[in-house]
Amino acid sequence: MIGNMETYVLQIFNGISVSSILMLAALGLAIIFGLMKIINMAHGELIMIGAYVTFVTQNIFLSYVDKNLFDIYFLLALPAAFIVTAFIGYLLEITIVRHLYGRPLDSLLATWGVSLVLQQLARSIFGAPNVDVRSPQWLNGGMIIFSNLQLPYKRLFIMLLVVLCIGGVYYFLYKTTGGRRIRAVMQNRTMAQSLGINTRKVDAMTFAIGSGLAGIAGCALTLLGSIGPTLGTNYIIDTFMVVVLGGVGTIIGTVVGAGIIGLGNTIFEFFTDASLGKVLVFTVVILFLQWRPQGFFTIKSRSLDE
Amino acid sequence: MIIKYAKKFKGIAGIVAIALTMSLFLVGCGAEKTGGTNGETPSATNTGDTIKVGILHSLSGTMAISEVSVKDAEMMAIEEINASGGVLGKKIEPIVEDGASDWPKFAEKAKKLLQNDQVATVFGCWTSASRKAVLPVFEENNGLLWYPVQYEGMEASPNIFYTGAAPNQQIVPAVEWLLENKSKKFFLLGSDYVFPRTANKIIKAQLAAMGGELIAEEYTPLGHTDYSTVINKIKSTKPDVVFNTLNGDSNVAFFKQLKDAGISAQDLTTLSVSVAEEEIRGIGAENMKGHLVSWNYYQTTDTPENKEFVEKYKEKYGADRVTDDPIEAAYIQVYLWAEAVEKAGSTDVDKVKEAAKGLEFKAPEGLVKIEGENQHLWKPVRIGEVQEDGLIKEIWSTKEAVKPDPYLKSYDWAKGLSN
């Protein structure tokens with residue numbers, strides 16, 4: 001592969017950007033998987049819902065709000081996506097997931113079923129073809145570093161968003177009472193229960209927050225990719241890989257896992273091609289998991305039932 | 001500790017294994033059921049007062065994006081034919097099956113339509129993978145399939161009518177046009193499956209013969225979402241033309257990210273063969289403005305038949321819907337079949353095939369004709385440029401319909417390709 005300085009700098013930037021997208025998509029999944037050991041196959045569809053919320057917000061702005069204010073729709077779409085998907089996640093938890101704790105096979109199949117239902121629902125409501133979300137003017141173009149090197153604002157924005165989300169989740173988990181409860185349940189459910197923590201409530205809240213984060217990811221992904229009923233399926237495998245590689249239940253694990261898969265993907269892809277790049281990444285991950293099945297990081301605990 | 005975790009890991013692997021086995025079992029059951037109920041020999045002649053036809057497209061799964069509209073067009077044609085008296089004095093009764101973007105399921109549903117429902121013909125499929133999956137079913141049961149999508153050629157089943165473009169009606173003239181009007185250095189970008197790989201094999205042979213230069217050939221998995229690396233490669237290899245055979249969602253990601261990288265249609269010529277009006281809506285016209293496509297039909301195609309067709313389609317399915325090449329091909333193939341049946345005086349597959357030879361039809365794209373030799377259509381070729389409103393403006397066309405040549409027999413450079 002011929003190339004010069006700019007090509008390599010841009011490629012490293014691309015790697016970081018892909019990592020940041022994976023991080024955003026996997027963050028919610030990591031929290032849900034970490035706390036409840038629920039393999040949430042519908043996570044991708046929650047991402048998809050976030051994307052459609054953005055689409056709807058855009059359309060509301062196009063038809064009801066002054067044209068000059070159009071560009072701020074995206075800033076409103078972010079919290080809207082979070083709230084809507086968090087609510088849907090909450091409903092999902094109290095109606096289906098709640099009854100399946102401790103039954104990983106059943107929950108896997110049930111959430112997979114939910115994902116199919118949600119996909120078909122999106123198809124019925126919005127139609128089968130992809131829809132178009134126009135990105136706001138201030139995110140078009142890119143930062144020109146030097147003549148041939150341009151870093152797209154959208155990718156920079158997503159990186160910033162990831163930093164904010166991870167900061168927010170960290171603050172919530174480690175500095176607030178609610179977060180402390182979640183971590184307690186994550187580490188030892190029975191012990192937390194006997195200390196008077198309402199684990200039911202914690203579960204519902206965690207599931208809602210994890211889902212909400214998927215919504216934010218969906219909103220951000222409208223900037224880069226397609227918005228259609230199958231949007232989620234394009235991301236779900238990579239996000240699971242991130243969670244498994246990083247280790248269950250830690251934020252730092254998600255960050256490291258996403259970093260390795262994102263950078264690995266882009267580097268391998270650059271020197272080979274996209275299909276082979278993916279094969280190489282998966283091979284590396286599988287070999288790594290043979291050696292360390294628990295992933296990079298785990299929560300150390302003294303409980304016996306682990 | 002490690003052993004314990006390994007055990008747990010094994011647990012998850014076990015669950016996945018069980019899930020897979022279960023799904024295999026379910027598929028097995030389904031197949032058995034369709035096979036088991038078929039006692040009598042299949043016949044395509046319909047008794048009763050309706051003529052049953054099958055419609056077999058993906059109404060769910062990743063291909064639903066494209067195939068739902070194609071199904072809509074076929075249903076519209078059937079309704080129109082029924083409204084004007086039907087075929088052989090009987091109404092057409094469509095039986096719609098969902099292939100669910102799953103190729104084995106396509107084969108299973110095809111079998112069901114032919115053996116259980118005994119349909120006179122089937123309109124269906126989109127991807128080459130699904131067509132290849134149902135092909136043996138149609139040949140074994142002597143069924144009839146009408147396939148409405150442009151494809152990579154190198155096929156002419158006696159049980160299939162191909163109403164989309166063969167390579168010499170889309171890809172080959174597009175490459176020729178680019179070499180003449182744009183430039184020589186080609187970057188081939190495609191999704192990693194049968195259509196792009198075969199198409200690129202053809203293009204490479206053509207470039208070698210006509211003085212073009214191949215810069216690079218890149219494939220990405222279907223559903224690939226990040227094109228920053230590919231775009232970086234395009235930037236550093238500086239091609240004149242990107243020939244795009246990406247399919248599905250990937251096109252959205254590619255064109256959005258190309259624009260963000262600061263590359264517009266002025267900086268780089270791209271020509272796509274799987275992006276039509278319907279896909280442009282999802283990509284966003286602002287992201288694709290000025291890029292080129294090659295097809296046989298556009299919504300803007302200027303014929304009286306097309307004006308009427310677009311009007312009827314929009315009236316039926318909504319003013320925001322668009323028509324495009326596969327939708328048009330799906331629509332006309334129902335009419336072609338109906339005319340062949342009228343001419344044959346029967347729905348018998350062999351008689352219909354015989355009657356279809358040389359059949360002409362005034363389609364929205366212009367006059368088309370069924371080539372008896374390979375059951376493809378004579379079609380005009382058009383190169384277009386994407387406009388601001390998402391519609392496509394024709395910038396070049398063959399004046400006459402082009403003879404279909406799926407094996408590219410009339411091109412010297414294509415000699416070694418068909419095997």
Chain A heavy atoms under 4.5 Å from B:Ala261: which part of the residue, side chain, backbone, both or neither?
-> backbone
Under a 4.5 Å heavy-atom cut-off, does chain A meet the side chain of B:Leu59, its backbone, both or neither?
-> backbone
Best-contacting candidate, B:Ser60, B:Gly262, B:Ser101, against chain A by heavy atom pairs under 4.5 angstrom | B:Ser60
Just checking, any donor-acceptor pair under 3.5 angstrom between side chains of B:Asn287 and A:Asp132?
-> no
Quick one: which of B:Ser274, B:Ser272, B:Ser66 gives a side chain to side chain donor-acceptor pair (under 3.5 Å) with B:Asn247?
-> B:Ser274
Sorted by chain and number, sequence neighbours left out, ring-ring contact (aromatic ring centres under 6.0 Å, His included) with B:Phe254 holds for B:Tyr227
Looking only at A:Trp112, A:Tyr235, A:Phe13, the option with the highest number of non-hydrogen pairs under 4.5 Å against chain B is A:Tyr235
In a check of side chain to side chain donor-acceptor pair (under 3.5 Å) between B:His57 and each of B:Glu97, B:Lys71, B:Glu74, which one passes?
-> B:Glu74
Side chain / backbone / both / neither for A:Ser275 at chain B, heavy atoms under 4.5 Å | both
4.5 Å side-chain heavy-atom contact, A:Phe33 and A:Asn40 = no
Could you tell me which residues satisfy ring-ring contact (aromatic ring centres under 6.0 Å, His included) with A:Trp138, sequence neighbours excluded, listed by chain and number?
-> A:Phe157
Contacting region of B:Leu222 [heavy-atom separation from chain A under 4.5 Å] | neither
Could you tell me whether the side chain of B:Trp295 and the main chain of B:Val275 form a donor-acceptor pair under 3.5 Å?
-> yes
Partner chain A: residue of B:Asp249, B:Asn251, B:Val252, B:Ile283 with the largest heavy-atom pair count (under 4.5 Å) | B:Asp249
Spell out the residues in residues 117-128 of chain A that have some non-hydrogen atom less than 4.5 Å away from a non-hydrogen atom of chain B, in order of number; otherwise answer 'none'.
-> A:Gln120, A:Arg123, A:Ala128
Ranked by heavy-atom pairs below 4.5 Å to chain B, first place among A:Gly277, A:Ala274, A:Ser17, A:Pro152 goes to A:Ala274
Go through the atoms of A:Tyr153 and report whether side chain, backbone, both or neither lie under 4.5 Å from a heavy atom of chain B.
-> neither
For the side chain of B:Ser264 and the backbone of B:Gln266, is there at least one donor-acceptor N/O pair under 3.5 Å apart?
-> yes
Among A:Gln150, A:Glu6, A:Glu269, A:Lys154, the residue with the most heavy-atom pairs under 4.5 Å to chain B is A:Glu269
For the pair B:Lys289 and B:Glu286, find out whether any cationic side-chain nitrogen is under 4.0 Å from an anionic carboxylate oxygen.
-> no
The interface call for A:Arg155 against chain B, heavy-atom contacts under 4.5 Å, is side chain
With a 4.5 angstrom heavy-atom cut-off, could you sort out which part of A:Leu223 is near chain B: side chain, backbone, both or neither?
-> backbone
Of all of B:Gly284, B:Ser228, B:Ala253, which one pairs up most often with chain A through heavy atoms under 4.5 Å apart?
-> B:Ser228
Residues forming a salt bridge (charged side-chain N to carboxylate O under 4.0 Å, His left out) with B:Lys204, sequence neighbours excluded | B:Glu217
For A:Val114 and A:Ala42, the nearest pair of non-hydrogen atoms, with its separation, is CG1-CB, 4.0 Å
Which atom names give the shortest non-hydrogen contact between B:Tyr219 and A:Asp273, and what distance separates them?
-> O-OD1, 4.1 Å
